[in-house]
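Scroll down for the structure; my scribbles are underneath it.
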Amino acid sequence: MQNLKRDSESNVLIQMFILQETPIDLQYARNICQNPANGALTSFEGIVRADKHNEARVSELLYLADQEACMSEGGKIIKEALSQFSLTDAVCIQRIGQIKVGEAAVWIGVWAPHRDEAFKGCRYIIEEIKKRLLIWKKEFYNDGSNSWIHGSENPIIF
């Protein structure tokens, strides 16, 4: 987990978007922002589920990403949320690599003085992350099969 520091002038976190292969430390994530101005924390945790595919079930996912593009665009999304809503802090941690059923694939935390803006900011971030990040998803099934499924609308180029 990266070391996050608060900007003393704006009182907003400098590093807000994190892309990582390791499991998300949810306790750490929830406690990132210790700001007495915050009256609300809204969080979203996207968890890998065992969807049914024909007669098989998802056992794990593989997320591949254009890491440089994701870091750039993820940072932009967070900054947009901070400017559009009355938020004090916003953090998104996106997993890449292999992730098993039941594990968190993404965690978003949005802090604000009041709940309404926190909910709006959190919703904005997840919707934009899903639309704009260059991340591709491959499902692995308990019968040994696998398939690429929806994700970024951009083609995979290796």
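The basis for the numbers below is simple: all heavy atoms, side chains too, and nothing from hydrogens, waters or symmetry mates.
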Nearest-0.5 Å distance, OH of residue Tyr141 to NZ of residue Lys52:
13.0 Å

So, taking the atom named CG in Leu19 and the one named CD in Glu68, what distance separates them when rounded to the nearest 0.5 Å?
12.0 Å

Pair up each side-chain donor or acceptor in residues 98-108 with any protein partner under 3.5 Å, not counting sequence neighbours, and list the distances.
| from | atom 1 | to | atom 2 | distance (Å) |
| --- | --- | --- | --- | --- |
| Gln98 | NE2 | Glu60 | OE2 | 2.3 |
| Lys100 | NZ | Glu60 | OE1 | 3.1 |
| Glu103 | OE1 | Lys100 | N | 3.1 |

Sorted by chain and number, sequence neighbours left out, salt bridge (charged side-chain N to carboxylate O under 4.0 Å, His left out) with Arg57 holds for none

Is there a side-chain contact between Arg95 and Pro23, using heavy atoms and a 4.5 Å cut-off?
yes

side-chain contact (heavy atoms from CB on, under 4.5 Å) against Ile129, all qualifying residues, sequence neighbours excluded:
Phe17, Ile77, Cys92, Gln94, Ile125, Leu133

Ring pair (Phe, Tyr, Trp, His ring centres under 6.0 Å) involving His114 - partner list, sequence neighbours excluded
none

Write down the atom of Leu134, the atom of Trp136, and the distance for their closest heavy-atom approach.
O-CZ3, 3.4 Å

Mind checking side chain to side chain donor-acceptor pair (under 3.5 Å) for Glu127 and listing every partner two or more places apart, or none if nothing turns up?
Arg123

Any side-chain heavy atom of Val91 sitting closer than 4.5 Å to one from Trp111?
yes

Val58 with Ile149, same ILVMFWY side-chain cluster at under 4.5 Å:
yes

Quick one: salt bridge (charged side-chain N to carboxylate O under 4.0 Å, His left out) partners of Asp143, sequence neighbours excluded?
none

Qualifying salt bridge (charged side-chain N to carboxylate O under 4.0 Å, His left out) pairs with a residue from residues 34-45, counting only residues at least two apart or across chains:
Arg30-Glu45

With Arg49, which residues qualify under salt bridge (charged side-chain N to carboxylate O under 4.0 Å, His left out), at least two apart?
Asp51

Is the closest side-chain heavy-atom distance between Asn38 and Asp89 below 4.5 Å?
yes

State which residues pass side-chain contact (heavy atoms from CB on, under 4.5 Å) with Asn146; sequence neighbours excluded, sorted by chain then number.
Lys138, Phe140

Which pair of non-hydrogen atoms, one from Ile96 and one from Ala65, has the smallest distance, and what is that distance?
CG2-CB, 3.8 Å

I'd like to check the salt bridge (charged side-chain N to carboxylate O under 4.0 Å, His left out) partners of Glu117; sequence neighbours left out, ordered by chain and number.
Lys120

Any residue meeting ring pair (Phe, Tyr, Trp, His ring centres under 6.0 Å) with Tyr63, in chain and number order, not counting sequence neighbours:
none

Mind checking side-chain contact (heavy atoms from CB on, under 4.5 Å) for Ser72 and listing every partner two or more places apart, or none if nothing turns up?
Lys76

Ala40 and Ala118: which non-hydrogen atoms are nearest, and at how many Å?
CB-CB, 4.1 Å

Within one Ile-Leu-Val-Met-Phe-Trp-Tyr cluster: Val110 and Phe44, side-chain cutoff 4.5 Å:
yes

Quick one: do Ile32 and Leu41 end up in the same hydrophobic cluster if we chain Ile, Leu, Val, Met, Phe, Trp and Tyr together by side-chain heavy atoms under 4.5 Å apart?
yes

Hydrophobic cluster membership, with links at side-chain heavy-atom distances under 4.5 Å among I/L/V/M/F/W/Y: are Ile93 and Leu26 in one?
yes

In short, Ser86 meets Pro113 closest at the heavy-atom pair O-CD, 3.5 Å

Is there a side-chain contact between Ile135 and Lys137 (heavy atoms, below 4.5 Å)?
no

